[in-house]
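Shown next, in structure tokens, is the structure this report addresses.
Naming: A, B, ... by sequence-line order, numbering from 1 per chain. All values below were derived from every heavy atom in this structure, side-chain atoms included, with hydrogens, water molecules and symmetry-related copies excluded.
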Amino acid sequence: MRSLLVDKLAQKVAFRGGGFTFQSRRWVGFLVFVVLLLLAEWGTRSGVISPLTLPRPTDVFQTFVELYSSGLLFQHLIPSLLRLLVGAALGASLGIAVGLLIGLFSFVRAGLLPLVAAIFPIPKIALLPLFVIWFGIDEGSKYALIAFGTFTPTVVATFAAVDNVDRTLIRMGQSFGLSWVSIVRKIVLPGAMPGILAGLRISLAIAIILLVAAEMLGAEFGIGAYILEAGSLYDLERLFAGVVILSVLGVLVSAVIGAVERRLLDWRT
Amino acid sequence: MELRLSKVGHSYAGREVLRGIDLEVPQGQIVCIVGPSGCGKSTLLRMMGGLEVPAQGDVLQVGYPPEGCLNPLTFIFQDFALLPWRSVAGNVSLVLEDHPIGRAERREMVADVLARTRLTEFADALPRQLSGGMKQRVAIARALVVRPAVMLMDEPLSALDSQTRELLMDDLVNLWIRQPFTAVYVTHNLAEAVRLGHRIFVLSRRPGELREVIQLDKPLAERGYGDAELEVQQKHLWDLMRAEAAAADAELVGG
Ligand SMILES: Nc1ncnc2c1ncn2[C@@H]1O[C@H](COP(=O)(O)OP(=O)(O)OP(=O)(O)O)[C@@H](O)[C@H]1O
Ligand SMILES: [Mg+2]
């Protein structure tokens, strides 16, 4: 009787719980790159894509190899990296500090939040001439532009992250008589860290964008200068070689933040 | 050290929450506070712990905390309030770090309290690796390590399943028997109240007023699961609260 039921009526319950979970599939991203490159190569070789619209990937690679062997690569890369490093470090650390102050003190919040809201939407590139007057045509104005551009998104991300720290944990700290400094250092800061790092991802990408803008004025060397020069000469191979360097830079920055997240936020599931 | 509340009353935004509460927490005893939802039990406890100031009346601390007490009024929270980025030992050690205690001595204190709460082998685990009952044991260890004069517990077991609740109640009873502590224990659960309380204060629905005080003389060590004598007390408590709870439940939230 029972087996009859199983034979006749029993069906496996269909699985419908798939998807919507995150799984690590690194190679997929790599594959997408490779497929796109192969498509471009095939397109330009077969004539489907005219060489005026898109340079051939192998030609771009060729240009890159020349750039490297002539030693020009590092001549462009080193000053750019330095600008990025100094500018982003300045902007991000100031941004985190101001964001913490806004998150912790209601007076500072009342005073600075409208200001931050006012300068956030300004396209910082528009202020470049002003920075040149203030900080000089040399490195100063470039640091300032990148720093200013990373500052505002970092501030917003940081104070939002501080707002999101679990209040019951802060209450707990107070109920055990922890000092204010301890509560900030051991509860608020680690609690806000996920949000701060997520904000840094965005801020640093903005910093790379602004790097090119900063090198528009009075820069002889730098990836941005290289790209702009290639662009004005309509030298698509060199333009793309420069763009690829920026992309690689972006991927590297994102990987570094990923590594920092894995180290600092290993307590999350 | 004892706690004494006299004529404590409080309102939030013109809504009276507590009215004329007189209450005493004698040394070495567990005082339970029961009452319908929203009657101000948590508010009362926060006032006892100095996290809130009563609008009327006073919360007094009578006498001095014992020698070596680092945090006289210590909370145990319903949602554990453990730092997810610190290990079990790190969470316990957190509350010692602001005191002038040497590194070695601090480690010893942490090890000792983890042994007392049977957590030694989980010292390096992170909170997310622990079950709810274990998390609350860590919170209890953290409270014990500062050698409190009075422990303030706000529904410490209500986030746990009933089996874990029984086990943790046994833990608390054993801790108390080995070294009697003073505690205020807020709960919804009448079984917990009759199991752990030396004295039970029953509050009415909002605005919370003292309805009745029940004294339980049976020693904690002799109370057990399904104790007939306690069942009688629990029934009596439920009869007291039933109408209040029903009325409180029917009220509009925020009304
Ligand atoms: N910070 C606050 N601001 C305004 N109203 C509050 C605040 N805290 C509590 N209340 C209100 O005061 C009343 C009593 O709250 P309290 O949390 O003390 O009750 P409770 O007895 O602990 O309830 P429960 O049994 O649900 O935990 C509730 O109506 C609540 O909405
Ligand atoms: Mg409550």
Where on [X] is there a heavy atom nearer than 4.5 Å to chain A: the side chain, the backbone, both, or neither?
X        : answer
B/Leu152 : neither
B/Phe77  : side chain
B/Val146 : side chain

Over all atoms of both residues, closest heavy-atom pair of [X] and [Y]:
X        : Y        : answer
B/Leu168 : B/Gly133 : CD1-O, 3.8 Å
B/Ile200 : B/Ala193 : CD1-O, 3.7 Å
B/Gly197 : B/Cys32  : CA-SG, 3.6 Å
A/Pro194 : A/Pro190 : CD-O, 3.6 Å
B/Pro148 : B/Ala143 : CD-O, 3.1 Å
A/Gly195 : A/Ala157 : O-CB, 4.1 Å

Is there a side-chain contact between [X] and [Y], using heavy atoms and a 4.5 Å cut-off?
X        : Y        : result
A/Met172 : B/Leu83  : yes
B/Ile30  : B/Phe181 : yes
B/Val31  : B/Pro26  : yes
B/Met109 : B/Val92  : no
B/Met48  : B/Val150 : no

Problem set entry | Among B/Val95, B/Leu119, B/Leu96, side chain to side chain contact (heavy atoms under 4.5 Å, CB included) partner for B/Val110 | B/Leu96
For this session: Could you tell me which of B/Ala139, B/Ala81, B/Gly49 has the largest number of non-hydrogen atom pairs under 4.5 Å with chain A?
Result: B/Ala81
For this session: Quick one: which of B/Leu94, B/Leu126, B/Leu73 has the most heavy-atom pairs under 4.5 Å with chain A, could you say?
Result: B/Leu94
To the nearest 0.5 Å, what is the distance between [atom1] ([X]) and [atom2] ([Y])?
X        : Y        : atom1 : atom2 : value
A/Phe131 : A/Ile146 : CZ    : CD1   : 11.0 Å
B/Ile33  : B/Leu210 : CD1   : CG    : 8.5 Å
A/Ile196 : A/Leu264 : CD1   : CG    : 10.5 Å
B/Met169 : B/Leu157 : CE    : CG    : 6.5 Å
A/Thr150 : A/Leu145 : OG1   : CG    : 9.5 Å

Close approach to chain B in [range], criterion heavy atom under 4.5 Å:
range                       : answer
residues 200-211 of chain A : none
residues 105-124 of chain A : none
residues 77-103 of chain A  : none

Short donor-acceptor contacts under 3.5 Å linking chain A with chain B:
| unit_1 | atom_1 | unit_2 | atom_2 | d |
| --- | --- | --- | --- | --- |
| A/Ser175 | O | B/Asn71 | ND2 | 3.0 |
| A/Ser179 | N | B/Asp98 | OD2 | 2.6 |
| A/Ser179 | OG | B/Asp98 | OD2 | 3.2 |
| A/Ser182 | OG | B/Asp98 | OD1 | 2.6 |
| A/Ser182 | OG | B/Asp98 | OD2 | 3.1 |
| A/Lys186 | O | B/Trp85 | NE1 | 3.2 |
| A/Lys186 | NZ | B/Glu97 | OE1 | 2.8 |
| A/Asp266 | O | B/Arg128 | NH2 | 2.8 |
| A/Trp267 | O | B/Arg128 | NE | 2.8 |

Problem set entry | Segment of A/Leu265 engaging chain B (4.5 angstrom heavy-atom cut-off) | neither
For this session: Could you go through the side-chain contact (heavy atoms from CB on, under 4.5 Å) check for A/Ile223 and A/Val212 one step at a time?
Result: CA-CA 7 Å; A/Ile223 303 297; A/Val212 178; 5.9 Å; no
Exercise. When you look at B/Leu44 and B/Val186, which way does the side-chain contact (heavy atoms from CB on, under 4.5 Å) test go after all the steps?
Worked result: CA-CA 9 Å; B/Leu44 197 62; B/Val186 166; over 6 Å; no
